[in-house]
Amino acid sequence: MSRYYVTTAINYPNGAPHIGHAYEAVATDWLARFARLDGRDVRFLTGTDEHGLKIAQAARAAGLTPRAYVDGMVARFVAMADALAISRDRFIRTTDPDHARACQALWQRMADAGDLYLDRYAGWYSVRDEAFYAEEETTVLADGTRVGPTGTPVAWVEEESWFFRLSRFTRPLLDLYARQPDFVQPASRLNEMRAFVERGLKDLSVSRTSFDWGIPVPGSPGHVMYVWVDALANYLTGAGFPEPGCARWWPADLHVIGKDVVRFHAVYWPAFLMSAGLPLPARVFGHGFILNRGEKMSKSAGNVVEPVALAARYGVDPFRYFLLRAIAFGQDGEWSHEAIAARLNADLANDLGNLAQRTLAMIAKAGGRVPARGEGGEAEARLLAQADALPAACREAHAAVRPDLALDAIFAVVAATNLYLSERAPWSLRKSDPAAADTVLWHAAEVIRRVAILLQPAMPERMARLLDFLAVPAECRDFGFLDRALEGGTALPPPAGLFPRVEPDQPERVTSQTV
RNA sequence: GGCGGGGUAGCUCAGUUGGUGAGAGCGCAGGAUUCAUAACCCUGAGGUCGCGGGUUCAAAUCCCGCCCCCGCUACCA
């Protein structure tokens, strides 16, 4: 079966994880779980990007060594991954020993290709932005402070630096975009990248001598790698590069990233790989941001929210569901307690939870065994036809990196099943035609089984419980078993509510200040 | 400034190459029902389809102008 290597961006642990980190992690987890259930050989990588000047400074401010500082922060990212049921195969840290080896091997390949050269870099540098600015991009404030375009202070910095011949790759990158238009998605992002590259690329400074919290440049004492070489290489490390066996996983099938880092993944990363003579990832998908009432979260706005607290408040699976369903993947979306509660009540409690409850309760009352299938009529055929169409629709959504569309399709079938029950009214048939009532309940239960299987990537724990209620053996829950219909007569455990309604009010605040 | 994407019911959005009375979900109102988590099912409420022109038998859908929002424009999820 085909293999599927999928990654999130690695997170910079200079602050606590927030809902944006959770969003990317959950979406990528959905992709990975879906592929596993679909029988593919999956590797799912996520982790943290721990080097750089900002970390070194934060550590010093905290009176810690950089290593001690990141150890403390990274623990919070790992805790978030645990709390959100992120099924990663590895949590990579750029401070891991094998990552240094991978980076240096990548560097050596780029050097061997003649794409690295030593020069001097001089310019106005913003520590906060980790960016150099051209003189005309800076302005001098009334108090004499020179600031960059983002308003952060800049200082004149001149240092020796290794440069990467990015300029050489203008043409190859444009060819890549032309040959493989789905390399960057959504398509609007590809257009932006093309426009960016068409303006021409300048060589890129890829080492620093001004600090040492980074991966040493091989054979060049005093130089550490510029953070993006270091960070991007994590995807190779996660595949086992430079060991020979890394061909099993590399190239990656998909990098899931935020729209703010599309350029690094769509321009620098393929250029590095081309230089190194390594195959390119198949696709890069830049998702949107989750805004709180239209605003990006920031500590100063006081709207930083701990995703772990939200998961605790609403339940891990419901919170995951909200993230996956409420936002068209690729676009920005908004969240609020009101929006979460409305979504969970409408979809999970009213539609899916109630469907499961009414069906299982009727079955329990009728003897607690899977009813006999019997002879279905037109209504049954119609219902099953809709359920039959679901796997293909979900696979299509998965291929398009659109979990929201997969959930749309699944919940349309949930709604159809509620309607089916209303029309067939098995509670009435029970008195007039018990066999017909059984047939109706069997069909409802069977559709619920398929829905539950397909919803596992979004809500692994709750769907496991639902499948338990249907007595579906644990080993019969991957997509290969979608066609193995429920067998009449199977004893079922007593059902219980899966998705209680949640109150839209929020008695306790789940926001919290972070470091 | 340049390039790109948008402005459609209270909210979030669908609306292929212009054409049966402008749609979905949520929210709201009424009804029906009682198997079920005050849930499910039915019905409805009417939005100048950003503004102004134009093309056409016919435009939300094409053209022109204008207003507003957003993204990218060399390094923050």
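Keep in mind that what you see is a predicted model, and the values were worked out from it rather than measured. By convention in this document, chain letters (A, B, ...) are assigned in the order of the sequence lines, proteins followed by strands, and residues within each chain are numbered from 1.
Judged as a salt bridge (Lys or Arg N to Asp or Glu O under 4.0 Å), not a single pair has a partner in residues 10-23 of chain A (not counting sequence neighbours). Sorted by first then second residue, the salt bridge (Lys or Arg N to Asp or Glu O under 4.0 Å) pairs that include residues 10-29 of chain A, not counting sequence neighbours, are A:D29-A:R33, A:D29-A:R320. Among residues at least two apart or in separate chains, salt bridge (Lys or Arg N to Asp or Glu O under 4.0 Å) pairs with a member in residues 435-445 of chain A are A:R430-A:D438.
Residues of residues 427-434 of chain A that place a heavy atom closer than 4.0 Å to RNA chain B, in numerical order, are A:W427.
Shown here, B:C13 forms a base pair with B:G23; the pair counts as Watson-Crick or G-U wobble because both key distances fall under 3.5 Å.
None of A:W335, A:F322, A:F329 except one satisfies the ring pair (Phe, Tyr, Trp, His ring centres under 6.0 Å) rule with A:Y23; the exception is A:F329.
In this structure, A:G200 reaches the bases: a heavy-atom distance under 4.0 Å links it to at least one base atom across the strands shown. Residue contacts shown for A:R189 are limited to sugar-phosphate atoms, with no base heavy atom under 4.0 Å away.
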Dump every N/O contact between nucleotides 2-6 of chain B and the protein below 3.5 Å, one line per pair.
none

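Residues satisfying the side chain to side chain donor-acceptor pair (under 3.5 Å) test with A:S275, not counting sequence neighbours, are A:D115. Legend: residues meeting ring pair (Phe, Tyr, Trp, His ring centres under 6.0 Å) with A:H99, ordered by chain and number and at least two apart, are absent. Here A:W442 pairs with nothing under the ring pair (Phe, Tyr, Trp, His ring centres under 6.0 Å) rule; sequence neighbours left out. Partners of A:R424 according to the salt bridge (charged side-chain N to carboxylate O under 4.0 Å, His left out) rule, which considers only residues two or more places apart in sequence or in another chain, are A:E380. Applying the salt bridge (charged side-chain N to carboxylate O under 4.0 Å, His left out) rule to A:R358 yields no partners; only residues at least two apart in sequence or on another chain are considered. With sequence neighbours left out, A:D433 forms a side chain to side chain donor-acceptor pair (under 3.5 Å) with no residue at all.
Remark: P of B:C76 and CG of A:L53 are 14 Å apart, rounded to the nearest angstrom.
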**Request:** Starting at the 5' end of nucleotides 37-42 of chain B, put B wherever the base has a protein heavy atom under 4.0 Å, S where only the sugar-phosphate does, and a dash everywhere else.
**Result:** B-SSSS
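For A:L201, counting side-chain heavy atoms from C-beta on, the closest listed nucleotide (B:A36, B:C13, B:A74) is B:A74.
The phosphate of B:C70 has neither OP1 nor OP2 within less than 4.0 Å of any side-chain N or O from A:K259.
Classified by interplanar angle (parallel below 30°, tilted 30° to 60°, perpendicular above 60°), the ring pair A:F411/A:Y321 is tilted.
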